Amino acid sequence: MPVRRGLLAGPVLDVAPKLLGMVLRSTTQEGTVAVRLTEVEAYDGANDPGSHAYRGPTARTEVMFGPPGFLYVYFTYGMHFCMNVVAGPDGKPSAVLLRAGEVIEGLDLARTRRGHPTEEQPAFNQTAPAALEQPHAARKETPSIRGEAPDIRGEAPDIRGEVPGGGGVPGVESAASGVRQGPVVKRPKASPDRDLARGPARLCVALGIGRAANGIDLLAKHSPIQLLPGPGYDGEPSTGPRVGLRDAADRPWRFWIPNDPTVSPYRPHVPKRR
DNA sequence: GCATCGATCGGCT
DNA sequence: GCCGATCGATGCC
């Protein structure tokens with residue numbers, strides 16, 4: 001059973017650390033992947049210059065202005081998705097960015113999505129990197145949050161949305177088909193399982209989450225993405241500044257499980273150069 | 001391990 | 001037009 005909505009309705013600085021040790025489980029046509037959350041950041045809406053909601057609602061951020069327990073997914077850097085759990089009472093646009101987790105279910109699928117080689121599917125024989133959501137996918141109007149189940153519609157229940165061009169990549173067999181005689185066949189370096197969901201965009205890839213997941217209710221019984229109590233975390237979380245923020249960079253609103261290897265490294269904001 | 005850099009495009013000023 | 005709640009590759013220590 002998903003967690004109770006009331007658990008997420010409090011002040012975001014209280015809610016964020018509570019998410020540590022909880023489990024996020026995502027099911028698509030491809031299968032199920034679940035992670036135990038190890039690192040999060042709090043974003044306090046109108047009081048927080050670092051929040052996307054700071055300047056008031058827009059089409060992109062409207063989910064955050066609704067009730068807690070819904071998913072806010074955004075696209076950034078022209079290629080990555082990140083996700084937040086909406087927190088606080090209805091109307092207050094606070095949210096918790098999910099930054100990292102440990103894959104505890106669906107390890108093989110997570111590896112495939114992240115471009116890892118496996119026994120059955122060597123990396124050099126893969127189709128497009130686990131079919132990340134394509135930015136060019138036809139826009140769908142933002143789901144109206146309350147009530148209706150967002151977006152997924154009659155389409156394939158793949159949370160990521162369509163992949164234009166559809167199928168495999170031509171010419172992939174070349175590398176694999178070669179008569180391999182030499183002792184060593186070079187393959188892309190597989191990052192360790194530790195890195196599968198280490199970082200907010202990697203976490204989205206591992207769970208197969210893209211634009212179509214925006215506005216999903218994580219607490220609904222039949223939701224394809226659910227927030228579950230999991231083992232929780234009893235200890236005292238570590239805290240520190242949030243990663244990569246220009247504004248409000250000093251607020252120590254990042255929370256993580258101490259010494260957990262899946263927690264992402266801290267990086268300060270770096271101004272673009274030209 | 002750490003620093004730097006390019007990719008790539010949507011959202012907002 | 002600017003720039004990001006990022007990542008992976010590369011080069012160096």
Side-chain angles (χ1 to χ4, degrees), chain A residues 12-13 16 19 37 39-45 47-65 71-87 93-101 110-111 113-117 123 126 128-130 132-142 161 164 186-192 194-207 209-212 214 239-256 261-274:
Chain A
V12 69
L13 289 178
L19 294 184
L37 299 172
E39 179 192 356
V40 300
E41 286 176 358
Y43 287 86
D44 195 19
N47 308 312
D48 181 5
S51 169
H52 290 171
Y54 182 58
R55 300 176 188 278
T58 66
R60 178 176 62 144
T61 61
E62 68 170 318
V63 180
M64 281 196 282
F65 290 79
L71 196 64
Y72 165 53
V73 178
Y74 69 93
F75 179 64
T76 191
Y77 288 99
M79 61 191 89
H80 297 304
F81 292 97
C82 299
M83 63 176 154
N84 295 245
V85 176
V86 175
S94 51
V96 180
L97 173 70
L98 306 184
R99 286 201 55 90
R111 287 179 184 137
R113 284 173 169 162
R114 292 270 295 122
H116 284 219
Q126 277 186 238
L132 277 167
E133 163 145 346
Q134 302 301 311
H136 289 300
R139 285 302 293 278
K140 303 163 185 172
E141 60 275 31
T142 315
K186 275 218 174 122
R187 37 168 48 177
K189 331 163 186 74
S191 48
R194 190 264 304 304
D195 288 346
L196 285 175
R198 190 183 189 218
R202 292 164 166 182
L203 178 61
C204 283
V205 170
L207 291 175
I209 285 170
R211 181 172 279 127
N214 187 49
T239 67
R242 296 172 291 182
V243 173
L245 286 202
R246 182 185 54 182
D247 302 316
D250 50 318
R251 303 187 188 185
W253 290 355
R254 178 181 182 225
F255 302 87
W256 67 91
T262 65
V263 172
S264 71
Y266 176 74
R267 302 201 202 300
H269 173 75
V270 294
K272 287 256 176 173
R273 325 172 321 167
R274 77 117 309 131

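Reminder, nothing fancy here: chain letters follow the sequence lines and each chain counts from 1. It should be emphasised that the depicted structure is a prediction, and the values quoted were computed from it without experimental measurement. All values below come from the heavy atoms of this structure, side chains included, with hydrogens, waters and symmetry mates left out.
In terms of polar N and O atoms assigned as donor or acceptor, the side chain of A:H269 never comes within less than 3.5 Å of the base of C:dA5 in a complementary pairing.
Counting any heavy atom pair closer than 4.0 Å across all strands shown, A:R267 reaches no nucleic acid atom.
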Where does DNA chain B pair, written as one dot-bracket string 5' to 3', with Watson-Crick or G-U pairs under 3.5 Å, ( ) inside the strand, [ ] for crossing pairs and | for another strand?
-> |||||||.||||.
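In this structure, A:R211 is positioned above the aromatic face of A:F75, its NZ or CZ under 6.0 Å from the six-membered ring centre and within 45° of the axis.
In this structure, A:F81 places its CZ atom 15 Å from P of B:dT8, rounding to the nearest Å. Atom P of nucleotide B:dA7 and atom CE of A:M79 are separated by 9 Å, given to the nearest angstrom. The interatomic distance linking A:M83 (CE) with C:dA5 (C1') rounds to 13 Å, in whole Å.
Between A:R114 and C:dG8 there is a side-chain N or O to OP1 or OP2 distance below 4.0 Å. Not one side-chain nitrogen or oxygen of A:R55 sits closer than 4.0 Å to the OP1 or OP2 atom of B:dC12. Between A:R99 and C:dT6, a side-chain N or O to OP1/OP2 separation shorter than 4.0 Å is present. Checking the phosphate oxygens (OP1, OP2) of B:dC12, a side-chain nitrogen or oxygen of A:T58 falls inside 4.0 Å.
Donor-acceptor pairing under 3.5 Å is recorded for the side chains of A:E39 and A:S264.
Taking a centre distance below 5.5 Å and an interplanar angle below 30 degrees as the stacking criterion, A:Y77 does not stack against the six-membered base ring of B:dA7.
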